[in-house]
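Owing to the predicted nature of the structure, the values given are computational and were not obtained by experimental measurement. Hydrogens, waters and symmetry mates play no part in the numbers below; they use all other heavy atoms, side chains included. Order of listing sets the numbers, starting from 1, for every ligand and every atom in it. Residue indices begin at 1 and follow the sequence shown.
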Amino acid sequence: MNVSETIGLDVNKVRDSFPILHQQINGKPLVYFDNAATSQKPSRVIQKLVEYYEGYNANIHRGIHTLAEKATRAYEGSRESARQFLGAQSTEEIIFTRGVTESINLVASTYGRKFLNKGDEVIISGLEHHSNIVPWQIVCEEKGAKLIVIPVTDTGEIDLSKYKSLLSDKTRIVATNHASNSLGTINPVSEIIKLAHERGSMVLVDGAQAAAHLPINVVELDADFYCISSHKMYGPTGVGVLYGKKKLLEAMPPYMGGGEMIKDVTFEKTTYNNLPYKFEAGTPNIADVIAFGEAIAFINEIGKANIAQHENELLEYAHRKLKEIEGVRLIGTAKNKVSVVSFVIDGVHPFDIGQMLDARGIAVRTGHHCTQPLMDRFGIEGTVRASFAVYNTKAEIDSLAEGVKRIVNFLSK
Ligand code: C6P
């Protein structure tokens, strides 16, 4: 049974399961529109953390006592949930990390260091978050490779024809996000991957902003690496997944050395553990990984199709309401977007708008959103960004539009 086709979405019921939403901020009901930074957590996810710490806190993969075995089973259960969520073939391909930032750094410092040589090229898009720019800059500098950027169009989309012309026999790595955190643009990753593979390049996809919104199947995409962060998917902070094709992960050297990532250690030589443990040195973030499994169950039960339908309605409504306000300029008008709306009011600093909205209980993010080169592309310092999740409502968008209208009126006096 496809859950998403059958249950529909009762947003009030969904809201009831998020305790944090039911509070006043500055005397007004909280409107939480900073979901691209981090989403809120349902009670069932929070409860999983409590259950672990109160009931079976133990280290994993080490002890043979009952608590250790229970904790290990729950931790590995989350790995299986993540495997299914991404459509990967094997749990050997699912590495737990601290988040997308660590996942990308892992690939850049292991795969990048091993396989990049002087004169090779790494291609990234102009829409990237700093965490999909800086790790490549570091490794390119070290190896004498060149970092090349795909230009972004005026609507905030990757220029595909330019991308095609940048690919060459020197291209070793292409790294792009699936969806942009600043503009919401959904990138044609399937095509990007196909074109890169035709040139023999591997592709890393940053799925930070896609995971809670879009269907993902790494096998259908044929992605070589795919990265997600739990905290943007209704799960705890401090957990991410690096999916990697088994043959690539096997060819890569370890990222960190320590406990659990070894098979045998002598002072002369160490042999490494099998996948995925080769990349999970030390005691991992056990509690949060277990609770991440519950966040995946939450998403699955609502269904990605229901989430997408609800969020698309919110996105379309927000675009319409904000466009009606004189002085508001939307940044990022791609045809395919996740539920992110970025805007500026010329002559007003985004930070000031953010503060005035906060006074009305509305949480948005302001600034460059860790995408400074993208802001430079649009000739702006930053934007005001409202990003929606499954528990947001049109009434909340009305509050945002009303708040922005008042700010514009106040400033024009
Ligand atoms: N973007 C935002 O407000 P971490 O912090 O490691 O979980 O994810 C980093 C990251 C990587 N790529 C993209 C596309 C992202 O959006 C983020 C995080 C947050 O937009 C915090 S800067």
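- In this structure, E128 has no heavy atom closer than 4.0 Å to ligand 1.
- Every atom of ligand 1 is numbered from 1 in the order shown, and the set under 4.0 Å from a heavy atom of A37 is 2 (C), 3 (O), 19 (C).
- A side-chain N or O of D224 and one of H197 form a donor-acceptor pair less than 3.5 Å apart.
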Could you give me the CA-CA distance, side-chain angles and deciding distance for F225 and Y243, then say whether ring-ring contact (aromatic ring centres under 6.0 Å, His included) is met?
CA-CA 5 Å; F225 297 100; Y243 158 82; 7.9 Å; no
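- If you number the atoms of ligand 1 from 1 as listed, the ones under 4.0 Å from a heavy atom of Q209 come out as 1 (N), 14 (C), 15 (C), 16 (O), 20 (O).
- Contact annotation: for R98 versus ligand 1, there are no heavy atoms closer than 4.0 Å.
- Side chain to side chain, D159 and S161 meet the donor-acceptor criterion of an N or O pair below 3.5 Å.
- Between H130 and H368, the ring-plane angle classifies as tilted under the 30° and 60° cut-offs.
- Each of the atoms 9 (C), 10 (C), 11 (C), 12 (N) of ligand 1 lies under 4.0 Å from some heavy atom of S131.
- Ring planes of Y234 and F18: perpendicular class, angle over 60° (limits at 30 and 60°).
- For ligand 1, the polar-atom distance check finds an N/O of T101 within less than 3.5 Å of one of the ligand's N/O atoms.
- The environment of E326 atom CD is sparse: at most 12 non-hydrogen atoms of other residues, nucleotides or ligands sit within 6.0 angstrom.
- Here the protein heavy atom with the shortest distance to atom 15 (C) of ligand 1 is H129 CD2, 3.4 Å.
- When only modelled atom types and interatomic distance are considered, E402 and S399 share no side-chain donor-acceptor pair under 3.5 Å.
- With a heavy-atom cut-off of 4.0 Å, R385 touches ligand 1 through its side chain alone.
- Taking atom 19 (C) of ligand 1 as the reference point, the nearest protein heavy-atom neighbour is K232 NZ, 2.9 Å.
- Closest to atom 21 (C) of ligand 1, if we only count protein heavy atoms, is R365 NH1, 3.5 Å.
- E102 does not count as a contact of ligand 1, since none of its heavy atoms falls under 4.0 Å from the ligand.
- The only option from N57, N59, V239 that meets the side chain to side chain contact (heavy atoms under 4.5 Å, CB included) definition with I286 turns out to be N59.
- For the ligand labelled ligand 1, residue D206 lies inside the 4.0 Å heavy-atom shell.
- In this structure, H130 has no heavy atom closer than 4.0 Å to ligand 1.
- With hydrogens and angles ignored, the 3.5 Å screen pairs no side-chain donor or acceptor of T155 with any backbone N or O of T333.
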